[in-house]
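All values derive from a computational prediction rather than experimental measurement.
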2 protein chains.
Amino acid sequence: MLEHCSTVNLPPTHTIGVHHMKKLSGQRQSAVRLNRENVVAAASDLIRRDGIEGWSMRALSRELSVSVSTLYWHVRNEQDLLGMVIDEALAAIVVADTPDWRAGIADFLLQARRLLCEYPALVRLIWRSGWQLGPRTLRVTNDFLGLVARSGIAEDEVADAYYLLVAFLFGFVLMETQSPDTPDFVAERGASSSAAVPALDHLARYSPAADAAGMDRRFAFGVERLLNSLERGSAAAERPGAVG
Amino acid sequence: MLEHCSTVNLPPTHTIGVHHMKKLSGQRQSAVRLNRENVVAAASDLIRRDGIEGWSMRALSRELSVSVSTLYWHVRNEQDLLGMVIDEALAAIVVADTPDWRAGIADFLLQARRLLCEYPALVRLIWRSGWQLGPRTLRVTNDFLGLVARSGIAEDEVADAYYLLVAFLFGFVLMETQSPDTPDFVAERGASSSAAVPALDHLARYSPAADAAGMDRRFAFGVERLLNSLERGSAAAERPGAVG
DNA sequence: ACCTGAACACCGTTCAAGT
DNA sequence: ACCTGAACACCGTTCAAGT
């Protein structure tokens, strides 16, 4: 029920590591020696295949035909492992080094959305594992920050703009991947409401359902407005007084 | 480590229910008869007090000095219960019925941020329990949608604007409550990088750390830019071609 | 250096059985 | 109608013990 996220057919963002080390097919003996990298790759594959619901240290150990406790030799604990999985995945995002900051930012956001959408477990992982940034993620973040700075926004507002953009990105993917189970909740609820309580008229009218078709449009809408709001940045003349 | 979220000292958003039914103090016998409402209220209190980390059906049963299985008579399952907790909490947001849509939207966003921040477990809950909207949440959503529609944005863009605003809200609170464990990761990493690999200069320069002081400013920045971007809505002349 | 088995302290959910 | 105890199938993590 969280299977949309279309955005053109997704290129396989994740042919990075040594992955699929002949495991995940379920034979008995471990043909390959385990190491830190192997474990992370296997975890990544498993989460990709089964989603976060099926994930557990024990499930991974079963997948690798290895004792659970073995994993703890290669990895400090679950959070440590998941952190590395996140960092590896996020490293797939490449930040364009272009003077065209509008295109650069839009491209970054689209890449990130695709990655997070193709790999919805990632968002839940980031959420769950406390969002500590790995080294590769820091690199990507740094480069993106440079892109934002290039927009000509005031120097002391770069971080603010970064938060605006990334907050939108994360929130959007969150809504997109975790959309309500009942896409038709509007008709349902709107109809059953008695005459006494006012109906959910706006919900019925504008129906902000998270249908796959609409989401691409909505993302583009958001990105466009955000880019515009950066562009017209410091020249805002009619601001009431909320500068702080 | 997720203890910021200042935004003026928070008024107690949550003196709603019958709560604190003399439980949470830990005596033996259940003086009050249990019912659906009671259970939800107790769950809400418990999560508020101990955060989501300590939450479990079994923990709640211990708190109520009752057998775990008893809970399942009053409530379908954990997800059902958490859904009701969320809906109750979100119902505390009141949407101003004002023609001043800018003020109305800003007020709504601030209320929501406060609530979610004061109650960080909520965001994780929403995340975890699949974001199905309860009846009270639908009401709030509906009213907010009306406010957005009043901004004079094109009718077929109301839902898009709604997503833009709410995505920002959720993403922001997510970043705010789940900020990295290492607020000083910049100096740390920036310093230790060798000369070979380029330093994380932008991170060091703009330091987008989630310090409590900066977050209020950042939220205000975001809200302001978003409101502006709605205002200048349909009059956008120089859009490249991303209308769809 | 790498792996195992058993143990510890947890989970959510079900279900026959009690009053 | 409401509550219990025991059971089932899980968790993450530790640790002495094996090679």
Side-chain angles (χ1 to χ4, degrees), chain A residues 18 21-23 27-44 46-47 50-86 121 124-125 127-130 132 181, chain B residues 18 21-23 27-44 46-47 50-86 121 124-125 127-130 132 181:
Chain A
V18 198
M21 26 179 291
K22 98 166 20 173
K23 253 44 199 353
Q27 63 278 67
R28 265 288 132 264
Q29 284 300 60
S30 68
V32 252
R33 275 290 236 195
L34 239 46
N35 58 37
R36 207 177 165 83
E37 255 185 30
N38 278 341
V39 172
V40 174
S44 185
L46 181 58
I47 293 172
D50 291 354
I52 198 60
E53 307 79 33
W55 161 261
S56 71
M57 291 295 269
R58 290 182 120 104
L60 178 60
S61 78
R62 282 190 296 266
E63 199 66 46
L64 291 171
S65 309
V66 109
S67 169
V68 211
S69 38
T70 304
L71 298 176
Y72 287 84
W73 199 92
H74 299 284
V75 136
R76 197 192 315 258
N77 53 30
E78 190 183 27
Q79 171 153 337
D80 182 39
L81 175 52
L82 293 182
M84 291 165 67
V85 168
I86 294 172
R124 308 184 73 157
L125 269 193
W127 201 219
R128 170 161 154 178
S129 80
Q132 72 262 56
D181 300 339
Chain B
V18 197
M21 27 179 290
K22 99 166 14 171
K23 253 45 201 348
Q27 62 277 67
R28 264 280 140 264
Q29 283 301 58
S30 66
V32 252
R33 275 291 236 193
L34 238 48
N35 59 36
R36 207 176 163 83
E37 254 187 30
N38 278 342
V39 171
V40 174
S44 186
L46 181 58
I47 293 173
D50 291 355
I52 199 60
E53 309 79 33
W55 162 261
S56 71
M57 291 295 268
R58 291 181 120 104
L60 179 58
S61 78
R62 283 189 294 265
E63 199 65 46
L64 291 171
S65 309
V66 110
S67 170
V68 211
S69 37
T70 303
L71 297 177
Y72 287 84
W73 198 92
H74 299 284
V75 137
R76 198 192 315 257
N77 53 30
E78 190 183 27
Q79 171 153 337
D80 181 40
L81 175 51
L82 293 182
M84 292 165 67
V85 169
I86 294 172
R124 308 182 74 154
L125 269 194
W127 202 217
R128 171 160 152 178
S129 80
Q132 73 263 56
D181 299 340

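- In this structure, CG of B:Leu64 is placed 10 Å from P of D:dC3, rounded to the nearest angstrom.
- For the pair B:Val75 and B:Arg36, the tightest heavy-atom approach, listed with the atom from each and the gap, is CA-NH1, 4.4 Å.
- Within the structure, a side-chain polar atom (N or O) of B:His74 is placed less than 4.0 Å from OP1 or OP2 of D:dC3.
- Atom CD1 of B:Ile52 is separated from atom P of C:dC11 by 13 Å (rounded to the nearest Å).
- Of the candidate nucleotides C:dC2, D:dT13, D:dT4, D:dT13 has the atom nearest to the side chain of A:Met57.
- In the set D:dC11, C:dG12, C:dT4, the nucleotide with an atom closest to the side chain of A:Arg62 is D:dC11.
- Look at the C1' atom in both D:dC3 and C:dA16: the space between them is 13 Å, to the nearest Å.
- Comparing D:dA17 with C:dC2, their P atoms sit 22 Å apart, to the nearest whole Å.
- At a threshold of 4.5 Å between non-hydrogen side-chain atoms, the residues B:Leu60 and B:Glu78 do not count as touching.
- Residue A:Leu81 holds its CG atom at 11.5 Å from NE2 of A:His74, rounded to the nearest 0.5 Å.
- With both ends at atom C1', the span from D:dA7 to C:dC11 equals 14 Å, rounded to whole Å.
- Of the candidate nucleotides C:dC2, C:dT13, C:dT14, C:dC2 has the atom nearest to the side chain of A:Arg33.
- Remark on DNA chain D: of its neighbouring residues B:Leu71 and A:Val68, the 5'-side contact belongs to B:Leu71, judged by nearest-heavy-atom nucleotide.
- Here B:Ser56 reaches the OP1 or OP2 of C:dC11: one of its side-chain N or O atoms lies under 4.0 Å away.
- Note: OH (B:Tyr72) to P (D:dA6) measures 18 Å, nearest angstrom.
- Close to C:dT4, at under 4.0 Å from its OP1 or OP2, lies a side-chain N or O of A:Thr70.
- If A:Trp73 and B:Ser69 are placed on DNA chain C by their nearest nucleotide, the residue sitting closer to the 5' end is A:Trp73.
- Checking D:dG5, C:dC2, C:dA7 against the side-chain heavy atoms of A:Arg58 singles out C:dA7 as nearest.
- Counting only heavy atoms from C-beta on, B:Ser67 has its side chain closest to D:dG5 among D:dG5, D:dC3, C:dT13.
- Within the 4.5 Å cutoff, the side chain of A:Leu64 has heavy atoms near those of the A:Leu71 side chain.
- Comparing C:dA9 with D:dC10, their C1' atoms sit 13 Å apart, to the nearest whole Å.
- Atom CD in A:Glu53 sits about 16 Å away from atom C1' in D:dC11, given to the nearest Å.
- For the pair A:Ala43 and A:Val85, the tightest heavy-atom approach, listed with the atom from each and the gap, is CB-CG2, 3.9 Å.
- Relative to the side chain of B:Glu78, the nucleotides C:dG12, D:dC3, D:dT13 differ in distance, and C:dG12 lies closest.
- Among the nucleotides C:dC3, D:dT13, C:dT13, the one closest to the side chain of A:Leu34 is C:dC3.
- A:Trp55 is listed as a side-chain neighbour of A:Leu46, based on a closest heavy-atom distance under 4.5 Å.
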What would the secondary structure line of DNA chain C be in dot-bracket form, counting Watson-Crick and G-U wobble pairs under 3.5 Å, with [ ] for pairs that cross earlier ones and | for pairs with another strand? ||.|||||...|||||.||

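- In terms of heavy atoms, A:Gly54 sits closest to A:Ala59 at O-CB, 3.7 Å.
- B:Ile47 CD1 to B:Ile86 CD1: the interatomic distance, rounded to the nearest 0.5 Å, is 8.5 Å.
- If you measure from atom CZ of B:Arg76 to atom P of C:dC15, you get 15 Å, rounded to the nearest angstrom.
- Rounded to an integer number of Å, the gap from A:Leu60 CG to D:dC10 P is 16 Å.
- Between the CG atom of B:Asn77 and the P atom of C:dC15 there is a distance of 14 Å, given to the nearest Å.
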